[in-house]
Colleague: 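Take a look at the following structure, please.
Letters go in sequence order (proteins before strands), and every chain restarts at 1. In this text, all values refer to a predicted model and were calculated from it rather than measured experimentally.
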2 protein chains.
Amino acid sequence: MTTARTDDAMLRERGLRVTGTRLAVLRALDEHQHATADDVVQAVRADLGSVSVQAVYDCLHALTSAGLLRRMEPAGHAARYERRTGDNHHHVVCRSCGAVADVDCTVGHAPCLTPSASHGFAVDLAEVTFWGLCPACAADPVPAARTSGTTL
Amino acid sequence: MTTARTDDAMLRERGLRVTGTRLAVLRALDEHQHATADDVVQAVRADLGSVSVQAVYDCLHALTSAGLLRRMEPAGHAARYERRTGDNHHHVVCRSCGAVADVDCTVGHAPCLTPSASHGFAVDLAEVTFWGLCPACAADPVPAARTSGTTL
DNA sequence: GGGCTTTACTGGAATCGTTCCAGAAAGTGT
DNA sequence: ACACTTTCTGGAACGATTCCAGTAAAGCCC
């Protein structure tokens, strides 16, 4: 893992204290991209022995607002966290199991992501979510959830 | 309201029973586009006198899966429902107060909405959410929430 | 490397939106 | 009208997340 020493530096750079819990959270997210808060709790416990749920939530919030983590919350599923930040990437979410995968923006920078009429809103960010079925769920029929959006 | 008689027909067309609650829910959403479940409960109570929260949730689900309503759930806020369905429109969400406004797709049909690599997912729908501040919140400084995505 | 200040972590209770349950009530086709 | 569904009521339960007050650890200064 080449990230151990780097994580330490990253935390300091952003003025965050370096604690075992924070490093363990970052490590957990290196191994499980798109992990839920609960996944992270499990991973950190496996790593450090024990942590409170709140400590993990605190870390996730601290790291997210420091820009080291990105949080995404697919409708109807628990929030997921990932380490890829600052790049133009979007997500495919499985309707059935909630699995998430990254999707790189086809066209260069934010393509169609400038709203035509923004109704006076000061827009600073665009988020694209693709909905569908992951290979596993497509193969094996399981009840699906309902959400709506742009039909392709 | 020209929709009263039409709503009745729309429900029958989709094989749904026509009940006072359902009509009231549809009426409520004519008046408050992007209403939350709770807003709808309030509106229906003002209209019919009383309803249980569950009756409203049942209606919202029934109408949503019949395609008469569209459900959207901005991360960190309660779900919102709207009557515009089947068209390519997206949303701007206010980080501070959660207000939602419609945004029409600039470019014709689903523009950059075909994921480059879909990781084997059977994608059927793309959803675009713009994040920012509504005019009211931009004017008057209130603590904001944190979410992350594609920076414009 | 000892103290002091600041920030993180613990455990438990509380919140919010939503769903589940069983029974009563109302809509629909014949 | 009648029987058959489907919907509505009220209350309890749920999962994810947050709030709270107290304790423990990290960083900084000398």
Colleague: Let me know the distance between CG of Leu63(A) and P of dA8(C), rounded to the nearest Å.
Modeller: 10 Å

Colleague: Indicate, with a heavy-atom threshold strictly under 4.0 Å, whether Ala79(A) touches base, sugar-phosphate, or nothing.
Modeller: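 Sugar-phosphate, no base atom in range.
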
Colleague: Please report the distance, rounded to the nearest Å, between CG in Leu23(B) and P in dT7(D).
Modeller: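 Answer to the nearest Å: 13 Å.
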
Colleague: Can a side-chain donor-acceptor contact be found between Glu82(B) and His91(B) if the only test is distance below 3.5 angstrom?
Modeller: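 Present: a donor and an acceptor within the cut-off.
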
Colleague: Looking at the side chain of Ala78(B), which of dT18(C), dC8(D), dA8(C) is the nearest nucleotide?
Modeller: dT18(C)

Colleague: Rounded to whole angstroms, how far apart are CZ on Arg12(A) and P on dT6(C)?
Modeller: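 For the pair Arg12(A) CZ and dT6(C) P, the rounded distance is 19 Å.
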
Colleague: Go through the steps for Asp102(A) and His90(A) under the test side chain to side chain donor-acceptor pair (under 3.5 Å), then give the verdict.
Modeller: CA-CA 6 Å; Asp102(A) 287 335; His90(A) 305 307; over 6 Å; no

Colleague: Does Glu73(A) come within less than 4.0 Å of Arg71(A), counting only side-chain N to carboxylate O?
Modeller: yes

Colleague: Of the nucleotides dT17(D), dG27(D), dA26(D), which has the atom closest to the Thr19(A) side chain?
Modeller: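 Per side-chain heavy atoms of Thr19(A), the pick is dA26(D).
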
Colleague: Closer to the 5' end of DNA chain C via nearest nucleotide, is it Arg17(B) or Val53(B)?
Modeller: Val53(B)

Colleague: For dT18(D), does the base pair up with any side-chain atom of Gln54(A) as donor and acceptor (N or O, under 3.5 Å, distance only)?
Modeller: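 Yes.
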
Colleague: Atom CG of Asp58(B) to atom P of dC21(C): distance rounded to whole Å?
Modeller: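 Asp58(B) atom CG is separated from dC21(C) atom P by 13 Å.
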
Colleague: Output the rounded distance in Å from CG (Leu60(A)) to P (dA16(D)).
Modeller: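 After rounding, the reported distance stands at 14 Å.
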
Colleague: If I take atom CG in residue Leu48(B) and atom P in nucleotide dT7(D), what distance separates them, rounded to the nearest angstrom?
Modeller: 17 Å

Colleague: Should Tyr57(B) be listed as having a side-chain N or O under 4.0 Å from OP1 or OP2 of dT19(C)?
Modeller: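 Result: no.
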
Colleague: Taking all non-hydrogen atoms of both residues, which atom of Cys134(B) and which atom of Cys94(B) are closest, and how far apart?
Modeller: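 Here Cys134(B) and Cys94(B) meet closest at N-SG, 3.3 Å.
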
Colleague: Answer yes or no: is there an ion pair linking Arg22(B) with Asp7(B), defined by an N-O contact shorter than 4.0 Å?
Modeller: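 No salt bridge links Arg22(B) with Asp7(B).
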
Colleague: Mind calculating the distance between NE2 (His61(A)) and P (dT17(D)) to the nearest angstrom?
Modeller: 8 Å

Colleague: How many Å lie between CG on Leu16(A) and C1' on dA26(D), as a whole number?
Modeller: 13 Å

Colleague: Arg71(A) side chain N/O closer than 4.0 Å to the phosphate oxygens (OP1, OP2) of dT17(D)?
Modeller: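 Yes, such a contact exists.
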
Colleague: Just call it for Ala62(A): base, sugar-phosphate, or nothing, with non-hydrogen atoms closer than 4.0 Å on any strand.
Modeller: nothing

Colleague: Under 4.0 Å from OP1 or OP2 of dC8(D): is there any side-chain N or O of Thr21(B) that close?
Modeller: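 Checking Thr21(B) against dC8(D): at least one side-chain N or O falls below 4.0 Å of OP1 or OP2.
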
